[in-house]
Amino acid sequence: MTDKMLKFVKIGQQTPPKRGTEVRKKDFNEIYDEFIGDKAKEQSSRCSQCGVPFCQVHCPLSNNIPDWLKLTAEGRLKEAYELSQSTNNMPEVCGRICPQDRLCEGNCVIEQSGHGTVTIGSMEKYITDNAWERGWVKPIDVINEKDQSVGIIGAGPAGLAAAEQLRKNGYKITVYDRYDRAGGLLIYGIPNFKLEKEVVERRTRLLKDGGIEFVQNFEVGKDATLDQLRKKHDAILIATGVYKAREVELPGNDLNNIFPAMDFLTASNKKGLGDKVEMFDKGILNAEGKDVVVIGGGDTAMDCVRTSIRQKAKSVKCLYRRDKENMPGSAREVANAEEEGVKFVWLTSPKEFKGTNKVERLIVDQIKLGEPDESGRRRPEVQQGSDYEVKADMVIKALGFDPEDLPKLFDSKELQITKWGTIKTDFDTMETNLKGVFAAGDIVRGASLVVWAIKDGRDAALAIKTHLENNEIKTSKVA
Ligand SMILES: Cc1cc2nc3c(=O)[nH]c(=O)nc-3n(C[C@H](O)[C@H](O)[C@H](O)COP(=O)(O)OP(=O)(O)OC[C@H]3O[C@@H](n4cnc5c(N)ncnc54)[C@H](O)[C@@H]3O)c2cc1C
Ligand code: SF4
């Protein structure tokens with residue numbers, strides 16, 4: 001059989017039509033189209049296979065992008081999926097929410113040459129969604145069950161990626177989380193319009209089907225101490241994320257209708273999941289018909305403004321103290337928000353909240369950018385006498401997150417942290433100063449990205465595996 005004929009068999013899994021007939025070409029295209037949509041075909045074929053895969057280098061997971069694009073262009077979608085999932089525990093999630101303009105796509109050679117990037121994220125999403133539809137995504141099938149167990153605190157992307165990798169190696173895994181649903185910020189932080197909740201929930205179900213135990217509504221520090229969990233498991237991974245909202249201490253801060261971003265986003269996500277949310281139903285944590293002001297310029301702020309638009313706010317303004325070029329949020333997200341009707345008020349900082357009981361307006365200062373500070377960014381400086389009023393009946397503060405005081409919360413004062421409050425780990429082993437206790441994700445890096453949390457979870461799983469294997473050898477020697 002010739003190579004071409006073999007290809008027909010692979011794509012269509014059926015006997016190729018006879019050579020030299022009209023029907024032959026038509027059938028090939030039909031088979032091809034059945035396997036791969038027109039857009040995916042067009043996009044994957046655009047990859048120039050340049051040989052210097054900057055896209056791959058700039059993907060935190062070093063995804064083998066050129067190869068899975070090539071397989072997709074050839075209609076070999078199952079192989080593309082197998083390759084894609086071999087480096088990423090949630091390709092369909094990253095495909096949807098990675099800031100690709102800062103990572104893979106921003107570094108695509110075609111983008112650099114001015115012809116527009118290959119839409120790598122959409123392709124990654126397409127390949128894995130297609131795999132789910134076709135039943136190619138299967139629960140973990142453990143061949144070699146082990147006696148050792150790992151307790152994972154936190155069911156966000158870092159905890160879930162580590163759980164999957166360790167379970168594949170046969171360890172018994174229990175994931176503890178203080179929320180009622182697994183997923184961390186994937187479920188209650190990131191809005192549904194960016195990441196459909198069913199996409200997260202089907203992943204959790206898959207992990208459960210693979211034998212991972214989930215203990216929800218279980219807060220470490222309240223329902224058990226870290227020491228108690230250490231006694232129960234052979235190793236522990238802390239993957240609790242960062243949740244302490246940064247504050248703006250301004251006059252009028254205690255007025256009603258001023259909310260931290262997570263309260264607003266969690267209420268909206270819970271509502272989308274069909275939960276009863278009293279504060280939303282009563283119109284309190286709900287932007288409908290209101291003049292909303294969001295303070296902040298990161299991705300969380302973008303999620304708040306775009307959620308407010310979807311809740312049919314009367315107007316939505318985003319106040320940011322630097323200019324557009326210096327916004328920390330993804331440029332694509334800012335463009336999306338602008339397109340949807342959000343008004344950005346650059347170089348502006350809130351000075352005071354005004355109102356009777358409820359917030360009614362903000363007094364804001366205009367800012368100019370001065371000399372660079374120690375971080376290298378130009379320092380925002382208030383322009384004296386430039387203040388003015390902005391109308392608002394709902395204010396959302398999205399100024400970023402810091403870690404909670406984990407040593408105190410976990411009743412484990414000896415757990416070492418950095419000066420930023422993140423957990424201090426050995427750079428190579430990801431182990432904390434407590435033997436057999438590892439840490440990964442935002443609680444180590446500070447607020448970051450899902451793709452980095454997955455990478456950390458995978459690395460931590462590898463480190464825990466090595467630790468457990470060493471322990472096993474020691475124990476068997478003693479025995
Ligand atoms: C609003 C918002 C939007 C974002 N948008 C994006 C985006 O578009 N793209 C992107 O890449 N990144 C985005 N991020 C960042 C991304 O969500 C995080 O970097 C990522 O989720 C971190 O993963 P993690 O597993 O470390 O922590 P998390 O996802 O925060 O998960 C931690 C889990 O630990 C649990 N936990 C905490 N303390 C305890 C305890 N004491 N006991 C038991 N359980 C506990 C929590 O309930 C939570 O489920 C966004 C973040 C926010 C806040
Ligand atoms: S994981 Fe993120 S950075 Fe990596 S290829 Fe996918 S979308 Fe790009």
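We count ligands from 1, going down the list as the structure has it; atoms in each ligand are counted the same way. Just the heavy atoms: all of them, side chains too, but no hydrogens, waters or symmetry mates, feed the values below.
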J.: Starting from atom 47 (O) of ligand 1, which protein heavy atom do you reach first, and at what distance in Å?
T.: D177 OD1, 2.7 Å
J.: With F214, which of I173, D177, L160, T174 fulfils side chain to side chain contact (heavy atoms under 4.5 Å, CB included)?
T.: L160
J.: What is the closest protein heavy atom to atom 6 (Fe) of ligand 2, and at what distance does it sit?
T.: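 Of the protein heavy atoms, E124 OE1, 2.1 Å lies nearest.
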J.: At under 4.0 Å between heavy atoms, which part of F401 makes contact with ligand 1: side chain, backbone, both or neither?
T.: side chain
J.: Please work out whether any backbone atom (N, CA, C, O) or any side-chain heavy atom from C-beta onward of A239 is under 4.0 Å from ligand 1, and answer side chain, backbone, both or neither.
T.: backbone
J.: Return a yes/no value for E219: is any of its N or O atoms, backbone included, closer than 3.5 angstrom to an N or O of ligand 1?
T.: no
J.: What closest approach, in Å, do E74 and R76 show between heavy atoms, and which atom pair accounts for it?
T.: OE1-NH1, 2.6 Å
J.: Given G121, C94, C104, identify the one with the heavy atom nearest to atom 8 (Fe) of ligand 2.
T.: C104
J.: For atom 38 (N) of ligand 1, grab the closest protein heavy atom and report residue, atom and distance to one decimal in Å.
T.: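 That would be R178 CZ, 3.3 Å.
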J.: Taking side chain to side chain contact (heavy atoms under 4.5 Å, CB included) as the criterion, tell me which of C47, P53, C104 meets it with I65.
T.: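 Answer after filtering C47, P53, C104: C104.
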J.: When you measure from atom 11 (O) of ligand 1 to every protein heavy atom, which one gives the shortest distance, and what is it?
T.: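 It is V450 N, 3.0 Å.
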J.: Considering heavy atoms of the protein only, find what lies nearest to atom 17 (O) of ligand 1 and give residue, atom and distance to 0.1 Å.
T.: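 Of the protein heavy atoms, L185 CB, 3.4 Å lies nearest.
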J.: In the protein, what heavy atom is nearest to atom 42 (N) of ligand 1, and what distance, to one decimal place, separates them?
T.: V220 N, 2.9 Å
J.: Would Y243 count as a contact of ligand 1 if the rule is a heavy atom under 4.0 Å away?
T.: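 Judged by the 4.0 Å heavy-atom criterion, Y243 does count as contacting ligand 1.
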J.: Quick test of your reading of the structure: of I153, V175, I190, whose heavy atom lies closest to atom 50 (C) of ligand 1?
T.: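 Among I153, V175, I190, the closest heavy atom to atom 50 (C) of ligand 1 comes from I190.
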J.: Please state whether D299 comes within less than 4.0 angstrom of ligand 1, counting heavy atoms only.
T.: no
J.: Could you tell me whether L160 approaches ligand 1 through its side chain, its backbone, both or neither, with non-hydrogen atoms closer than 4.0 Å?
T.: neither
J.: Which residue and non-hydrogen atom of the protein lie closest to atom 3 (C) of ligand 1, and at what distance in Å?
T.: D303 OD2, 2.9 Å
J.: Going by the order shown, which atoms of ligand 1 are within less than 4.0 Å of some heavy atom of G184?
T.: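 So the atoms of ligand 1 that pass are 29 (O), 31 (O), 48 (C), 49 (O).
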J.: Please report which non-hydrogen protein atom sits nearest to atom 34 (O) of ligand 1, along with the residue it belongs to and the distance in Å to one decimal place.
T.: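 Closest protein heavy atom to atom 34 (O) of ligand 1: G154 CA, 3.2 Å.
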J.: Does G221 reach ligand 1, in the sense of a heavy atom lying below 4.0 Å from it?
T.: no
J.: When you measure from the heavy atoms of F410 to every atom of ligand 1, does any distance fall below 4.0 Å?
T.: yes
J.: Would you check the N or O atoms of K194, main chain and side chain alike, for any that come under 3.5 Å of an N or O of ligand 1?
T.: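 The answer is yes, given that K194 and ligand 1 share an N or O pair closer than 3.5 Å.
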J.: Does an N or O from G441, backbone or side chain, lie closer than 3.5 Å to an N or O of ligand 1?
T.: no
J.: Applying the side-chain hydrogen bond (donor to acceptor under 3.5 Å, both in side chains) criterion to Y188, which one of T266, N269, D180 satisfies it?
T.: D180
